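Notes for the one structure printed next.
Quick caveat, the model's predicted, so the values are computed rather than measured.
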Amino acid sequence: MTSYTPNEMMTVAAARALKSSDVCFVGIGQPSAACNLARLTHAPDITLIYESGTIATKPNVLPLSIGDGELSETAMTTVSVPEMFRYWLQGGRITIGFLGGAQIDKYANLNTTVVGSYNKPKVRLPGGGGAPEIATSCGEIFIIMNQSPRGFVERLDFVTSLGHGEGGAYREKLGVTTKGPTRLVTDLCIFEPDPETKEMIVTSIHPGVTRAQIEANTGWRVRYANEVVETPIPRADELAALRELHARTKRAHGDQA
Amino acid sequence: MTSYTPNEMMTVAAARALKSSDVCFVGIGQPSAACNLARLTHAPDITLIYESGTIATKPNVLPLSIGDGELSETAMTTVSVPEMFRYWLQGGRITIGFLGGAQIDKYANLNTTVVGSYNKPKVRLPGGGGAPEIATSCGEIFIIMNQSPRGFVERLDFVTSLGHGEGGAYREKLGVTTKGPTRLVTDLCIFEPDPETKEMIVTSIHPGVTRAQIEANTGWRVRYANEVVETPIPRADELAALRELHARTKRAHGDQA
Amino acid sequence: MSQFLSLAEAVEATIYDGDTVAMEGFTHLIPHAAGHEVIRQRRKHLSLIRMTPDLIYDQLIGMGCADKLTFSWGGNPGVGSLHRMRDAVENGWPTPLAIEEHSHAAMANAYEAGAAGLPCAIFRGYIGVDLPKVNANIKRITCPFTGEMLAAIPAIRPDVAVIHAQKADRAGNVFMEGIVGVQKHAVLAAKRSLVTVEEIVDEFSPRTLNATILPAWTVTAIVEIPGGAHPSYAHGYYMRDNAYYKAWDAIARDRDGFLAWMKTNVLEKGPEIFAAQRQRLAAA
Amino acid sequence: MSQFLSLAEAVEATIYDGDTVAMEGFTHLIPHAAGHEVIRQRRKHLSLIRMTPDLIYDQLIGMGCADKLTFSWGGNPGVGSLHRMRDAVENGWPTPLAIEEHSHAAMANAYEAGAAGLPCAIFRGYIGVDLPKVNANIKRITCPFTGEMLAAIPAIRPDVAVIHAQKADRAGNVFMEGIVGVQKHAVLAAKRSLVTVEEIVDEFSPRTLNATILPAWTVTAIVEIPGGAHPSYAHGYYMRDNAYYKAWDAIARDRDGFLAWMKTNVLEKGPEIFAAQRQRLAAA
């Protein structure tokens, strides 16, 4: 059994939730690694879509930006950005939207806009990009984030994209018909929404991680499912595929990766 | 001096009003013949656009339908029909819209919908097609129609596309900023709008045509400009180009033309 | 995910009595073979949608398949009227036909809004004209920033879209080029879709980066029917059969003549007749 | 009708102090050379618009060219913050920068509406989020058919759009392919446009029937600048200079270091420096 890093565990755990039949709206960075790992292992026919307009792209190396030439070269086709957001995202054709964020709360609402007040921010973050409409237009949302007390907060400074709002039937009350965040994968564990309250509760803990560690890295009082399982460790083939992907990416991009 | 038919006179007179700098939205039939004659004579750089999505097309023969393959093959590019109506027509990029019709009134409003009442029509015509929005989105409108008492009527049964409405500032009052019909070319004469009332008045009469003939073929009381000129007869080069175009078309389409 | 089926299976799987059906094609790539199969399977009470209904809709209407037609220009291009459509509208034969009439701009926008998952489309149109007086689905909406009044119409969201395209690959993706009309929009706007193609290929090549492609997961059923657009045309395969369009005028003018023609040429035939037309009209 | 000009002439002819300017490019084909010339010509009080402002906007903002930025994602992709943009927003250096912030969907729709000549765009968005609380240009509109509340935003109609494309032909038509972003929309939405291209060719070939082409009469000025997108890339010509993006982080972090770098690398240079970058990064 090989050893693996928490980041590898996170990426593998996220990848496993994807199926060959999924049509996935992929963000750059950790979501992209997880989605391409799924494609290279158990979900070879998964459709990956990047907001730059590339449909069914099969990059051989991980893109460094949302619009790398590799994405367009290996895509089935590339459409304009307005078409992407109108026909493909808003049109309801995406099954999974894959998001990250700077801050998340217990209902999986995300903040990538500002820390502090909007008009006098402590930290000005990049902004929402595609997230606000990805969060409500995709069939469901997977989130991948490293866990930390600064990132996992009791109250967001700014709601950039909607998770389960204030919980319960919040989304339905706003007229939203999609499921919202159904899975939050971190470097420590997996959260899923409580069926009633929609609070994100821990359902699976990565091997070697303690509840105390999770709680120390979460700004809200963590709740657990009645049955919490241990996340199966990365298999050798999963690790090999992920490491080869990263190695190919490094060779292609050199120091730039 | 060669002889010519009234239809040739009409087509030549319509073609002469077009310039190389025009971007022209072209209807099938007489408008298409006039626009392509202009392109083959004095306006070689005119941009011809057909509503099937073909931009800057240079057909060697006249198309029989609005979507002939010849149009796409000789076009600079072909866009989808929604793009054509949204970005190119509604976007305000067309200088001249070229229309025909079944019925016209003295303010150059057109009917191509029904003769008789809408719900119990005497004659069900094909409908508006692109005309309603061509009439208001193009910089100005040229109309080409054979003159007859049935076609040139005091009152339309149905307003399919807006000309000058009830005259005067009618278009402006509706918020329309384009000029509307500035030229109506028939087999007998040329009408242009009176600057004030916007009634279409005769400004040029084709050689050999009498005022009595015009009046006998017009359902409203015809008015004339203070100075009515005689339409210059078709030049030999114009007639040659037009006849070659029709001959090429006939050779290409055989009996079908 | 698209399935490869026979034409009969594909029509059975995607088109039901009472459906709202958009068979699109703007002169080019009109799905005539699929329309014939709908007639053979005797679908009833269809609400037909098409910007430019021509011969195939005249045939469907004359055979009593349709209760309603939504359109913006209904005619036999360059020839004249659609006699079966007029007979249904004017005389209710063989069954009354309700019509909902729009402009091209309106329908193009309505398909576009349908593809975009919106409930309505807004555009600058229907100004100073009579159609809004006879079509309750034309409303006005005010721009909240400028106060400009715009036209609003419902998005088109058909139960099924039927189109003809040049190629499918073996994974069930669909490629088209040339005058592409509103076909991609119609498929994306519809709940189900039936696509007939000229041929099934290993790869779309030469592949361009921005080719018009419908991924397999946007298509319900694919059928290979060489010549399936005849008498319309397929760019790169065969030309438009203009003589057929002209001949249609006489065939459709008379009820009995029409019925006899349909029996001989549609009811008693199958999709295999289209290949011969393609061969006859193939570009040199 | 487009004119072929030098870069200095083209910026003089199309971009004026106080203009609303959209320099677009979605990772691909970002018009860096044109942006540098705007800095050299010391344009002031620009309202900059771009979905994904990155280095060239950081440079324009840091050099005091802009009063306002409308955007949906502002960062150095894969690297981190835009330090000059943050300094302007947080500290007003060198001049205060007002921001109007949107989502990608909103801006994509707003460009699309601009290209379509509409005053506003409607879309399903901004649900359950805070941006509408801080951006008065986000309103709601009710679908007159379903009652659904949709988001509405003003169309983007810039004074000038600036883009980089692969090719122009000698008649002044512009061709692009690959990740085409919102560039065609931006040009069609704008009153004027400046297009830099990798090369001017006799013919776009092989020509595809549905290629993305801006006709000459939609473009104001064209300038041939090989490598003009660097450190962005031009599909078919050269790759993205990822090292430059990473290096920018340190350069832009410090005001004095930034100013010194701009003096050496932009103010004292001309568009000819881009060709060398293209050669260096040309695909094998």
Original post:
For the residue pair C:Phe145 and D:Ala152, what are the closest heavy atoms and their distance?
Top reply: CZ-O, 3.4 Å

**OP:** Check each atom of D:Ile122 against the heavy atoms of chain C and say whether the ones under 4.5 Å are side chain, backbone, both or neither.
**Re:** both

**OP:** To the nearest 0.5 angstrom, please state how far the OG1 atom of D:Thr142 sits from the CD1 atom of C:Ile141.
**Re:** 7.5 Å

Original post:
Hey, which of C:Val180, C:Ile153, C:Leu209 has the most heavy atom pairs under 4.5 Å with chain D?
Top reply: C:Leu209

**OP:** Working to the nearest 0.5 Å, report the span between CD of D:Glu148 and CG of C:Leu118.
**Re:** 8.0 Å

Subject >> Check: D:Pro119 and C:Leu150 side chains under 4.5 Å, non-hydrogen atoms >> reply: yes

Original post:
Highest number of heavy-atom pairs under 4.5 Å with chain D: which of C:Pro154, C:Pro144, C:Cys143?
Top reply: C:Pro154

**OP:** Taking D:Asn210 for its side chain and C:Gly178 for its backbone only, find out whether a donor-acceptor pair lies under 3.5 Å.
**Re:** yes

